[in-house]
*Asks:* 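What follows is a structure written as structure tokens; I'll ask about it next.
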Amino acid sequence: MLSASGPIGVFDSGVGGLSVLRHIRAQLPDEDLIYFADSGHAPYGSKSEAFVIDRSFRIADFLLSQKIKALVVACNTATAMAIHLLRDKYPDLPIVGVEPGLKPAAAKTITGIVGVMATERTLSSNKFHVLHQTLNDRTGVHFIMQPCPGMADLIEHAELDSEPIHTLVRRYLTPLLEQKADTVVLGCTHYPFVRHVIEKIAAESGCPDLRIIDTGYAVARQLTHLLDIYAIRRGKTDCASAMQAYTSGDPKTIGHLIARLLQTTMPVAYISL
Ligand code: DGL
């Protein structure tokens, strides 16, 4: 039985899912949130499908033991690998995933060429392949897949404005711009945290109007919609909503990253799953 007073569980391979959590917090300020950063096992993007599925189940089981009323898979890679299996296992739980925003990108592009920056694992998944093929058939838009190994890793290490992150973003973005992409999809929840670097490099490359698609807002909106359908959205209370983070990595590092990325603090506890 799902209770409106229960928290919402959100997870990612690391801190990337915080780019989704910030939209959830803005749209659902009365909800309690539990965030799980699987930093001890990140990155997911270069791991096997079986590994990502196993991690997703362990984390979902843990979050359910904390009495969550809804689950947000704030990771494109885990969504692509495991969301159908999570929905099979927990048919009564509202579950929201994250997918690269190909549809909004197809609606925005003028050149008809869209770059998709994501992990290798997301881009090679069957779920992504079906989405891509369907949209390509329907709209004629050409999607260029750009795997970005190493990028989530640097962000995990708080490299948000350093020389190495500039070098890596330039390496992945330049071929997309050279092929006349006017729209780029951020297909990994870590990448919104270096959006300013992407914009800067695009401007330096003569593409100051590059459109950048981040689905964090839409994911929070979908979550709100589901909570309403299940009639478990929390009403206004007198006490402030609570946020708690857990990590399989170093809680101190995650605490610092949360403060830097969200300009807020929350308690972070280590847990080995
Ligand atoms: N943030 C994740 C995603 O959206 C995964 C990054 C990684 O661990 O490789 O795909």
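Indexing begins at 1, ligand by ligand and atom by atom, following the structure's order.
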*Asks:* Examine the side chains of His41 and Asp38 and answer whether a donor and an acceptor come within less than 3.5 Å of each other.
*Replies:* yes

*Asks:* If every non-hydrogen atom of Val20 is compared with every non-hydrogen atom of Val72, which pair is closest and at what distance?
*Replies:* CG1-CG1, 4.3 Å

*Asks:* Minimum heavy-atom separation for Ala152 and Cys188, please, with both atom names.
*Replies:* CB-SG, 4.4 Å

*Asks:* Tell me the salt bridge (charged side-chain N to carboxylate O under 4.0 Å, His left out) pairs involving residues 258-273, sequence neighbours left out?
*Replies:* none

*Asks:* Under a 4.0 Å N-O cut-off, is there an ion pair linking Asp61 with Lys89?
*Replies:* yes

*Asks:* Could you tell me which non-hydrogen atom of Thr79 sits nearest to which non-hydrogen atom of Gly97, and how far apart they are?
*Replies:* OG1-CA, 3.7 Å

*Asks:* Under a 4.0 Å heavy-atom cut-off, which residues neighbour ligand 1?
*Replies:* Asp12, Ser13, Pro43, Tyr44, Gly45, Cys75, Asn76, Thr77, Thr119, Ala152, Cys188, Thr189, His190

